[in-house]
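What follows is a short report on a single structure.
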Amino acid sequence: MATLEAHEVIAGYGRTQIVHGISMEVDSGEVVCIVGPNGAGKSTFIKALAGALPVKGGIVRFQEIDITRLNQEIRARRGIGYVPQTQDVFPSLTTRENLAMGAYLCKKHELKIRQAAVLERFPQLKKVLASRAGSLSGGERKLLGIARVLMAEPKVLILDEPSAGLSPQYADIVRGHIRNLAHDGHTVLIVEQHAIEALEISDRAMVFVAGRKHFEGLAKDLLESEDLGQMFLGRR
Amino acid sequence: MSHYLYYALTLGVYFFVYCLLGLGYNLQYGLAGINNVANYSFVAFGAYLAAVTTLGPSNSLVQSYILGTSIAWPLPLLVGAAAGALTSLVLGFIFLLRLRHQYQAIVTLVVAQVIWLLVGNNPGLFNGYNGLAGVPQPLESVVNLAPVPYEAFFVGITALCALLGFAFMRRVVRSPLGRVLRAIREDESVASCFGRNVFWAQMSAFIVAGTMAGLAGGLLVEYLGAWSPSGWSPYEGFVVIAALIIGGTANNIGAALGAFIVPVAIYELTGFIPPFGPVNAQTIDAFRWIAIGIIVLLFLWFRPQGVLPEPRRRFRLVDRILVGQEPIPGKGLFLSQKMHGSDATSVVTDETK
Amino acid sequence: MSIFVASLGFGLVTSAILALAALGFTLQAGMTNVVNLAYGDMMTAGAFAALVGQSALRLSLWPALVFGGVIVALLSFVTNRLVIRPFVARGTKSFQMIIVTFALGIILQYVIVMKWGENFYAYRGLSLSLFKWGSFELSYEQLTIVIMSVLLLGGFHVLVRYSRMGRALRAMADDKQLARACGVNVARLTDIVWLISGALAGVSGVALAINAGSFNEIFGANFMLIVVAAAILGGAGEPNGAMVGAVVVGFAMEVSTVWIAGSYSEVVALILLIVAVLVRPQGLVAGRGKWVLAQ
């Protein structure tokens with residue numbers, strides 16, 4: 001069953017159209033990775049899925065229900081968890097408050113249970129619970145961004161370039177967490193610049209070029225493909 | 001009959017004075033993007049200085065003021081213009097160096113209020129809240145005309161000033177400075193990356209605007225014969241802003257049109273509403289301000305660019321090479337829209353229509 | 001010395017009123033990024049609403065104050081829905097937004113002129129008895145205003161710091177888009193912000209009128225720049241900062257009258273603001289400077 005489904009989605013900023021009709025499906029429990037050159041419309045596409053940008057054309061379905069016209073907060077309530085590339089935490093709130101914002105719609109006792117579970121998964125956050133998110137390191141912020149979304153127990157997790165701007169060590173940690181999430185049966189849609197590392201933890205992959213889908217298939221096929229590898233993964 | 005003619009000529013004076021003010025404000029806000037909410041301090045300084053250099057030495061029994069001299073017309077007007085320029089230069093260091101956006105707007109308002117309070121509370125400066133009165137009209141004894149012809153003569157003076165201002169502004173818009181100012185307005189950091197000194201470019205626009213405001217102030221005080229703090233406030237400045245928004249931001253003809261629509265048509269002509277029943281002079285005045293407020297809101301909603309929008313300036317050669325065809329007149333500039341979004345139109349500038 | 005102590009008393013009252021007003025102003029600026037130049041006229045509207053409450057509804061002084069707060073809260077809510085929100089949703093530039101609020105203020109002020117003219121009014125039921133403690137003396141109304149202000153500010157602080165809604169408010173001030181992604185109903189919270197800030201404008205307007213003894217159609221607009229000074233001095237958009245800024249500005253204004261003429265006390269406040277903006281634009285309570293960056 002497709003958890004998240006896009007059909008001929010068109011999106012862009014203002015009058016400028018960037019995504020020219022892309023279709024795709026993410027099934028429950030799989031990790032799907034979108035790669036492609038700069039300006040291919042990857043981020044725009046997932047913003048349209050998450051509701052951060054309006055969908056100009058096409059249909060977005062979530063658990064078989066049309067959500068094309070729903071706004072971002074209702075999509076979030078339905079279970080779409082979206083971690084933007086930057087500005088993924090509330091800088092003036094503490095780590096603890098950020099986590100509480102993630103579970104904004106939960107009851108208080110439920111919040112405690114979820115916070116304990118999320119901290120179990122991200123032990124790095126335990127010692128910075130009382131610090132302002134704005135004072136955290138880039139890696140900690142990214143973990144907090146993901147942790148905040150997990151607090152809502154989303155049915156699909158959409159990550160926009162989670163390793164961008166992180167030190168190599170922290171990028172590895174973040175990828176490790178994503179792999180663990182996949183292991184635990186989470187449904188993940190991920191956009192990545194570090195394509196090879198991202199593909200290694202993905203089940204399926206798509207390549208976007210200039211606002212259109214150029215390739216779709218198993219992640220390991222893309223990794224092994226000669227010409228695609230040369231074009232998009234920087235392999236010689 | 002001569003009654004109406006006199007009134008029409010009065011409107012003519014206001015029209016040309018507000019043209020001058022509108023052109024100056026257009027330069028600083030429309031072109032240079034300076035967020036000045038309180039543009040009337042410069043008018044006030046121009047008016048005060050023109051007045052004290054006309055009135056002669058201060059007689060503290062009647063009214064006390066500084067710098068009292070009596071110099072030949074049109075020198076007081078030039079002194080007024082210079083006072084506007086100097087005020088701009090000084091205040092420019094406060095407004096333009098570090099402040100941007102909302103902070104800039106608020107500080108202009110605050111500084112204007114400080115000036116207003118200081119002038120009002122210091123009777124020795126320009127006679128405090130009572131203000132200056134008895135300023136003689138220029139060349140009254142020389143031309144020796146009856147009221148209506150003299151009024152026409154004064155309209156001629158203001159028209160001349162406004163035309164000079166218009167011609168000057170036309171040159172500024174097309175000059176390299178005009179291009180730099182538009183570039184700064186669109187994106188300050190990009191402009192400074194190209195080695196443009198943002199501060200001094202904006203400062204020169206600010207000074208030119210201040211000069212024009214000072215000149216307008218000089219004309220106003222010579223026309224009215226009196227000037228006091230009750231005659232200048234942020235609300236007077238709002239009339240100028242409203243005129244530009246309605247006429248057309250960053251368009252000199254729009255500034256003139258706005259000077260006709262707001263201060264003349266709305267502000268003065270509503271004076272013709274006859275008092276009836278509960279309507280008295282005060283409610284008509286209130287009605288006038290409410291009307292201006294509502295019209296400004298309607299324009300900002302339905303036509304934020306004003307009646308006459310900013311003329312599109314483009315670089316035809318680039319259009320032809322990159323887009324492969326001549327731009328369609330009136331269809332806008334697709335090259336820059338494609339490259340940067342519609343707002344960048346005037347950054348890619350060279351040739352005027 | 002006794003003049004100094006007396007000026008401290010007045011400083012306390014001025015600060016209390018200023019803190020209420022500045023809190024409302026800074027809420028609008030911080031949460032919705034709108035610098036509302038109609039704020040002073042909303043305070044005036046509160047004072048006149050309380051006057052109506054006294055004359056038409058036969059309310060006594062303090063219920064009339066509450067009535068003023070409620071009316072301006074509704075006025076503020078409607079203003080946001082009808083004018084501010086559509087303009088913000090369209091992405092109107094900050095300077096044009098300022099002109100929008102400027103126009104709103106002028107409209108409001110002259111609507112008041114149409115009904116009440118340019119005259120001075122005063123409330124019924126002002127007692128003239130004084131609370132004395134050495135040379136420190138205040139009228140009972142002034143004392144009540146100070147206590148009311150402390151209670152309201154304390155209540156607001158608790159609300160913002162410890163409640164779920166307060167957390168959402170701070171989150172929204174940080175990043176509206178992300179707050180939406182958390183499932184926060186931003187539009188509803190914005191409505192609440194305009195209600196609260198309107199109520200604060202109304203209440204502070206009535207309090208200011210009580211403290212001054214009389215009021216006219218422009219007294220709120222005249223007070224507004226002082227409110228802005230307190231809000232910015234504390235750090236624009238920072239609720240706690242507004243209170244600190246109000247105390248600094250309020251005391252500076254009143255204590256300065258010991259040395260210089262009272263007509264200059266507003267100049268003192270405004271010059272404080274100019275210096276603060278030039279030297280420390282982030283405010284006394286470290287803000288994030290959201291305003292400066294906002295287009």
Side-chain angles (χ1 to χ4, degrees), chain B residues 29 33-37 93-95 97-107 109-118 120-122 129 233-235 237-239 241-242 244-245 249 278-280 282-301 304 343, chain C residues 29 33-35 37-38 83 86-87 90 92-100 102-115 117-119 217-218 221-222 224-226 228-229 231-232 236 261 263-271 273-274 277-279 281 289 291-295:
Chain B
Y29 168 59
I34 300 167
N35 300 323
N36 184 356
V37 194
F93 279 100
I94 299 179
F95 295 160
L97 214 46
R98 288 183 62 176
L99 301 175
R100 294 296 177 263
H101 307 306
Q102 291 124 313
Y103 272 113
Q104 194 172 44
I106 286 173
V107 170
L109 209 55
V110 167
V111 167
Q113 180 72 0
V114 169
I115 292 173
W116 193 88
L117 287 166
L118 290 180
N121 282 322
N122 281 302
Y129 288 114
S233 65
Y235 298 97
F238 184 76
V239 174
I241 299 174
L244 192 64
I245 284 174
T249 312
V279 179
N280 54 34
Q282 203 174 49
T283 50
I284 289 173
D285 186 54
F287 173 74
R288 175 185 290 167
W289 280 105
I290 293 171
I292 293 178
I294 290 176
I295 291 170
V296 165
L297 288 183
L298 290 178
F299 260 89
L300 283 175
W301 182 254
D343 258 347
Chain C
N33 206 17
V34 174
V35 174
L37 291 190
V83 184
F87 272 107
R90 186 189 259 198
T92 304
K93 284 192 219 135
S94 71
F95 184 75
Q96 293 194 340
M97 239 14 252
I98 286 180
I99 301 302
V100 166
F102 200 164
L104 282 173
I106 287 178
I107 293 171
L108 185 54
Q109 186 181 118
Y110 281 96
V111 166
I112 292 171
V113 170
M114 279 200 151
K115 177 81 176 69
E118 294 172 349
N119 309 309
E217 85 288 349
I218 201 166
N222 285 342
M224 189 189 68
L225 286 181
I226 302 175
V228 177
I232 291 186
S263 51
Y264 285 103
S265 60
E266 189 183 345
V267 177
V268 170
L270 298 183
I271 287 181
L273 165 63
I274 297 170
V277 163
L278 291 177
V279 177
W291 274 23
V292 205
L293 302 171
Q295 273 288 337

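Residue numbers begin at 1 in each chain, while the letters A, B, ... track the order of the sequences. As a basis for the values below, the full set of heavy atoms in this structure was taken, side chains included, without hydrogen atoms, waters or symmetry mates.
Of all the listed residues (I292(B), L300(B), V107(B), V296(B)), the one sharing the greatest number of non-hydrogen pairs under 4.5 Å with chain C is L300(B). Of the residues considered (V37(B), N121(B), V114(B)), N121(B) shows the highest number of contacts with chain C, using heavy-atom pairs under 4.5 Å. Ranked by non-hydrogen atom pairs under 4.5 Å with chain B, the options V267(C), V113(C), I271(C) are led by V267(C).
Between E217(C) and E118(C), the shortest heavy-atom distance links the atoms OE1-CA, 3.4 Å.
For chain B, no part of A269(C) is nearby; none of its heavy atoms comes within less than 4.5 Å. Neither the backbone nor the side chain of L108(C) comes within contact range of chain B; no heavy atom of the residue lies under 4.5 Å from a heavy atom of that chain. Within the 4.5 angstrom heavy-atom criterion, no atom of I295(B) approaches chain C. Interface residue L270(C): backbone and side-chain heavy atoms are both found under 4.5 Å from chain B. For I99(C), the parts lying under 4.5 angstrom from a heavy atom of chain B are both the backbone and the side chain. Both the backbone and the side chain of L109(B) have a heavy atom closer than 4.5 Å to some heavy atom of chain C.
A donor-acceptor contact shorter than 3.5 Å links the side chain of Q104(B) to the backbone of N35(B).
With sequence neighbours excluded, the residues forming a ring pair (Phe, Tyr, Trp, His ring centres under 6.0 Å) with F87(C) are W301(B), listed by chain and number. Partners of Q109(C) under the side-chain hydrogen bond (donor to acceptor under 3.5 Å, both in side chains) rule, at least two apart in sequence or in another chain, are Y235(B), D41(C).
The CD1 atom of I294(B) sits 8.0 Å away from atom CZ of F287(B), with the distance rounded to the nearest 0.5 Å. Atom CD1 of residue I94(B) and atom CG of residue L99(B) lie 9.0 Å apart, to the nearest 0.5 angstrom. In this structure, the separation between CZ on F95(C) and CD1 on I241(B) is 5.0 Å, given to the nearest 0.5 Å.
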